[in-house]
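Everything on this sheet refers to the single structure shown next.
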2 protein chains.
Amino acid sequence: MIEKIATIEDVAEHAGVSIATVSRALHKPHVVSESTREKVQTAIAATGYTANVMARNLRLNRSGMILLLVPDIGNPFFSEILSGIEQGASKAGYNVLIGDTQNEPEREATYAAYLRSNQADAMILLNGRLPAPLANTPRGIIPPVVIACERIPGCNLPTVIIDNEKAAFSATKHLLDLGHSRIAHIAGPASNILTTDRVAGYRRALAESGIEANPSLIYRGDFSIESGISAARALLKDSKNRPTAFFCSSDGMAIGVIVAAKELGLRVPHDVSVVGFDDIHLAANYDPPLTTVRQPRRRLGEQAISLLLARLDKTGAIPGPAENPVIVPTELIIRQSTGPCPA
Amino acid sequence: MIEKIATIEDVAEHAGVSIATVSRALHKPHVVSESTREKVQTAIAATGYTANVMARNLRLNRSGMILLLVPDIGNPFFSEILSGIEQGASKAGYNVLIGDTQNEPEREATYAAYLRSNQADAMILLNGRLPAPLANTPRGIIPPVVIACERIPGCNLPTVIIDNEKAAFSATKHLLDLGHSRIAHIAGPASNILTTDRVAGYRRALAESGIEANPSLIYRGDFSIESGISAARALLKDSKNRPTAFFCSSDGMAIGVIVAAKELGLRVPHDVSVVGFDDIHLAANYDPPLTTVRQPRRRLGEQAISLLLARLDKTGAIPGPAENPVIVPTELIIRQSTGPCPA
DNA sequence: ATAATTAATGAAAACGTTTACACAAGAGGC
DNA sequence: GCCTCTTGTGTAAACGTTTTCATTAATTAT
């Protein structure tokens, strides 16, 4: 007994109509008479017909797929953004295909080619870099791409981000207000625009308090717990003029700093204050609960998908980037990892 | 200037050959003469041709898509499994489409329908439940589906899991060996087979030590930190005969227990020992570092995809579940959240 | 009554591929 | 010189849809 999947032709035959009528009964019911509509319905039930989406998409010249490029799907930071995107996409009848690029330009290029090969209708970039095939798009043609999380300088595609400079400023300001002056900054990777923006905010806050930024207090990590640990170990070694506070560019690195501080017998926040970035779920339940900059991750995803859907709707119209980039607000969440500067 | 994407026909014309030859030059190079192969190559370069994957897939009657059903993509537990799957899949030329079911049977059914509608060639289930459309597959027809993480009783599809009973046994045994006898168990949701298996392992360990399991020491959570907190609050309230140790069915709940214990001024492990499950990345860096059962998540994913690929290869052959289920070994990682029972 | 409109349907083209089949030309064996 | 093989290529059918266009029947307007 061979499994034969029913096609539209089987349905047509069973209902005694043409395949065109079956198709219309499904997609433009108002244009087909009630009696035949019923016949088609029973035929569909009888044959167990399910439309072949691939054939449909080929005809319609769309894939129904939105490609999402993320640097690392394992990072919980991205999963909530993803969730916001997924929800908006599926409401609009799209599926979200996740491309885990692992920060490799090669993989980015491979995925970006999906746009050309009709495997995806549009793309959202969370990776902060324009894939090669996209970079040399002919002038005047705007690809269906939205950038989220990290702005890409010199690229005027629709973008939704947070104000990293401002967020870093307020985090640093919080530490200054607590009386700290030796404030270290554990930054992200150098290649990252995030890093530049946050360092700038950190610097501005110090400057406004009349403090000259000390380059030896800026350390470069990679957002991971481990990089936070090693940064803190290095910075806290010299017990004489060690920093009394850390502003970290991710919650992971902040946790790393706390781990290292405890290792050295330092209490947080009594001896050392620590501010993170992102407000991952665990931040509230770490010991001590983390003071951090909350990124509205779900909102970020929602905004990104809605920008993209708008772009896909206007078939030929200029997708006016009226206010580009879209900026979603952050919030400094003060918990118990920060306290007054020790005497 | 209208953007016109080159088709195989454009290439054929440009090279002065038929479209059949172009197709062959691409997929069966040995069968076409060297000179035309070169002509085709230059034509491709000149036109900027990229094959339309959708058309190709329609013709070949495949989608190149593997559907992965997960209950919650936001859970970091799944992301490493995903990573293992993704790697194997992309090596075999497949893409992985993630279906976040949010534990809703409706969404599971919607996604499972992708198999019928040719949007996916195969499916991997991490959600521990057979989607409705799959449940009534005609006898004798084995759908291209692999189950991972949670076995589904009465379902003999290829499965790859850990031995939950045994893992729970060894975790509980570890606590017994430390002298604990009032050992609480924070279990997972009742609907979950995991829960049953782990409770059984917990019970067996107690029984082997001649301890009768006390039903009031078994609490039901949902794997979240929050549920761990409320379970521990309830169990630790009665300071008289409170448990001295907790075996938790997830690291999240274990962290919750620790949060609650600290809240009450109890020290871990001095006053209370805690064992988790999963060994998520943070477990090693929590305070204290968590004793936990390590699940080889990447291996789990790799095994699942390799089972699936094997199934997809043998076109009609019986995918002999020679050893079904495949069991990947777990490991008890002893860190500092467990210690001897207080006097 | 007849012309003009509307409503419902079917035939066939199209989407961009892959591949079964047919065919032509050249190579080799007798 | 003829038959057979091999090699390379083209023609056309198929994959399962949607949609344009034409056709018929039924309704309305004149």
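Source: prediction; values computed, not measured. These values consider heavy atoms only, across backbone and side chains, with no hydrogens, waters or symmetry-generated copies. All chains are named by letter (A, B, ...) in the order of the sequence lines, taking the proteins before the strands, and each is independently numbered beginning at 1.
- The main-chain N or O of B:Ile19 is never found under 3.5 Å from a side-chain atom of B:Ser23 such that the two would form a donor-acceptor pair.
- Counting only heavy atoms from C-beta on, A:Ala55 has its side chain closest to D:dT17 among D:dT19, D:dT17, C:dA11.
- Phosphate contact (OP1/OP2 of D:dT9, side-chain N/O of B:Ser33, threshold under 4.0 Å): present.
- If you check every strand for non-hydrogen atoms under 4.0 Å, B:Asn52 touches sugar and phosphate atoms only.
- Looking at which nucleotide of DNA chain D each of B:Val32 and B:Ile19 is closest to, the 5′-most match is held by B:Val32.
- Spacing between atom CG of B:Asn57 and atom P of D:dT17 amounts to 16 Å, rounded to whole angstrom units.
- Comparing D:dT19, C:dT19, C:dG16 against the side chain of B:Thr7 picks out C:dG16 as the nearest.
- Sequence order on DNA chain C of the closest nucleotides to B:Arg24 and B:Ala51 puts B:Ala51 first from the 5' end.
- Atom pair A:Arg56:CZ and D:dT19:C1' shows a separation of 12 Å (rounding to whole Å applied).
- You'll find that the side chain of B:Lys28 is closest to C:dT19, out of C:dT17, C:dG10, C:dT19.
- Here B:Leu58 lies in heavy-atom contact (under 4.0 Å) with a base.
- A salt bridge is absent between A:Glu302 and A:Lys91; no separation between the charged side-chain nitrogens and carboxylate oxygens falls under 4.0 Å.
- A:Asn95 places no side-chain N or O within 3.5 Å of a backbone atom of A:Met65 that could act as its donor or acceptor partner.
- Residue B:Thr21 places at least one side-chain N or O under 4.0 Å from the OP1 or OP2 atom of D:dG10.
- Phosphate proximity of D:dT9 to B:Thr36: present, with a side-chain N or O under 4.0 Å from OP1 or OP2.
- Looking only at side-chain heavy atoms (C-beta outward), B:Val160 and B:Pro325 stay at 4.5 Å or farther from each other.
- Nucleic acid contact for A:Val17: sugar-phosphate only, since backbone atoms but no base atoms lie under 4.0 Å from a heavy atom of the residue.
- At a threshold of 4.0 angstrom between heavy atoms, the contacts of B:Ser23 include nucleobase atoms, whether or not backbone atoms are also involved.
- Between B:Val96 and B:Ile85, the closest side-chain pair of non-hydrogen atoms falls below 4.5 Å.
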